[in-house]
Amino acid sequence: MILFTLYTVWPSLSSLYYSMLEWRGLGQDRSFTGLANFARLLTDDLFWASLGITLLIIVVTVPIRVGASLLLAIMLNDPRLPFAGLLRTAFFVPVVATTAIVGILMGFVLDPSSGPVNALRELVGLAPIDFLGSSDTALGSVMAVHVWKWLGVTLIYWLAALQTVPRELLEAAEIDGASSWQRLRHVTLPLLTPFTIIITVLTVVETMQIFDLVVTMTGGGPYFSTMVTEVYIYDTAFGEGRPDLGYASAIGVAFGVITVLLIALLTGLMSLARRRQEGHQ
């Protein structure tokens, strides 16, 4: 409780207080402005653009992570699969690596002049691509690395959920003549439905915390094409030029409220879909 108060509750309350100040973050020269920073936020095109990019990353990467990791978990949970333990470890290794190091490393891997990806493209006669230097490819490259980096976490969630499926039900279905697909469709997947909500919510929350990967790979560029909200908050508070900690705090508070509302909406919709499914059954 002490640690939670010091590192979660107190910073949150402090941010709420700072959001009502005009303060550059340096010295004691600060003035109370009430909700002026939030009013400014409503007309800040860059904030809304950064929020749109963040939501786009969620819409694209979360279904891929949840769906692909579920398929992998089903395959890796099969006792007949050889080297299942080794494969689980291989998928989880990127999770262990520090995100900042992964971002820097991928900057070299995707380098247009000396990176191995473009070197392979040149070997087969294709022109090199500036993956991180073009606004057309930078966001897609960041999303691809993000999925690769964190797929192992969602995989572990599904593997844990699969352990709750009673082996007796699967064996009974097999004795009754059900095929592997029928056992998956009519036994395993329905029992995994309650876990879908929490796994999806956890994945959404993790995806919204993409700051370190974006900073190390693109810094929010080029031309703000990868400027997610977290990076915009950081640049506003500590970036070059004239820092504005009060306004950055207002952005952080607004982003926190939007996150809570998004999670509540997502949970409500998925719970409603689950109840409808149970009603049809």
Side-chain angles (χ1 to χ4, degrees), residues 3-4 7-8 11-12 15 50-69 72-73 87-112 114-117 130-135 137-160 198-222 224-240 248 251-252 255-256 258-259 262-263:
L3 294 175
F4 180 74
Y7 294 105
T8 301
S12 300
S15 294
S50 71
L51 183 62
I53 292 172
T54 303
L55 295 177
L56 177 61
I57 293 175
I58 292 173
V59 170
V60 173
T61 63
V62 169
I64 295 175
R65 281 181 58 185
V66 173
S69 59
L72 285 172
L87 291 173
R88 292 182 187 185
T89 303
F91 282 112
F92 195 75
V93 164
V95 178
V96 179
T98 304
T99 307
I101 294 177
V102 169
I104 295 173
L105 178 63
M106 286 301 171
F108 290 108
V109 170
L110 300 175
D111 186 88
S114 59
V117 174
D130 191 0
F131 290 99
L132 302 180
S134 170
S135 57
T137 56
L139 184 58
S141 300
V142 171
M143 289 192 288
V145 174
H146 170 78
V147 170
W148 169 78
K149 170 75 170 70
W150 294 110
L151 185 67
V153 171
T154 318
L155 174 63
I156 293 299
Y157 295 156
W158 281 122
L159 285 171
I198 184 61
I199 291 176
T200 303
V201 168
L202 289 173
T203 306
V204 169
V205 173
E206 292 167 359
T207 303
M208 299 187 81
Q209 299 169 355
I210 198 174
F211 168 81
D212 40 5
L213 187 64
V214 173
V215 165
T216 51
M217 288 187 68
T218 64
F224 306 105
S225 61
T226 61
M227 178 68 77
V228 295
T229 307
E230 285 187 323
V231 175
Y232 184 45
I233 293 171
Y234 176 81
D235 285 349
T236 304
F238 308 109
E240 297 179 359
I251 301 174
F255 185 56
I258 292 172
T259 301
L262 176 63
I263 296 301

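Because the structure is predicted, anything quoted here is derived from the model rather than measured.
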Rounded to the nearest 0.5 Å, what separates atom [atom1] in [X] from atom [atom2] in [Y]?
X: Asp111; Y: Phe108; atom1: CG; atom2: CZ; result: 8.0 Å
X: Trp150; Y: Thr99; atom1: CH2; atom2: OG1; result: 4.0 Å
X: Leu213; Y: Ile104; atom1: CG; atom2: CD1; result: 11.0 Å
X: Met217; Y: Leu132; atom1: CE; atom2: CG; result: 4.5 Å
X: His146; Y: Leu139; atom1: NE2; atom2: CG; result: 11.5 Å
X: Leu72; Y: Phe91; atom1: CG; atom2: CZ; result: 4.5 Å

(request) Evaluate whether atom CZ of Phe211 has more than 12 neighbouring non-hydrogen atoms of other residues, nucleotides or ligands under 6.0 angstrom away. (result) yes

(request) Would you sort out whether Met227 and Asp235 count as a side chain to side chain contact (heavy atoms under 4.5 Å, CB included), showing the intermediate values? (result) CA-CA 10 Å; Met227 178 68 77; Asp235 285 349; 3.5 Å; yes

(request) Decide side chain to side chain contact (heavy atoms under 4.5 Å, CB included) for Met106 and Lys149; before the verdict, give the C-alpha distance in whole Å, the side-chain angles of both, and the deciding distance to 0.1 Å. (result) CA-CA 11 Å; Met106 286 301 171; Lys149 170 75 170 70; over 6 Å; no

(message) Please give me the minimum heavy-atom distance between Gly152 and Phe92, naming the atom from each residue.
(response) O-CD1, 3.7 Å

I'd like to check [X] versus [Y] (side-chain heavy atoms, cut-off strictly below 4.5 Å). Are they in contact?
X: Ile64; Y: Met143; value: no
X: Thr137; Y: Asp130; value: no
X: Asp212; Y: Thr216; value: no
X: Val142; Y: Ile210; value: yes

(message) Donor-acceptor check, side chain of Thr54 to backbone of Thr229, threshold 3.5 angstrom: yes or no?
(response) yes

(message) Pairing donors with acceptors under 3.5 angstrom, does anything connect the side chains of Thr218 and Thr226?
(response)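 Yes, a side-chain donor-acceptor pair sits under 3.5 Å.
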
(message) Applying side chain to side chain contact (heavy atoms under 4.5 Å, CB included) to Glu230 and Val214, what does each step give before you reach the verdict?
(response) CA-CA 9 Å; Glu230 285 187 323; Val214 173; over 6 Å; no

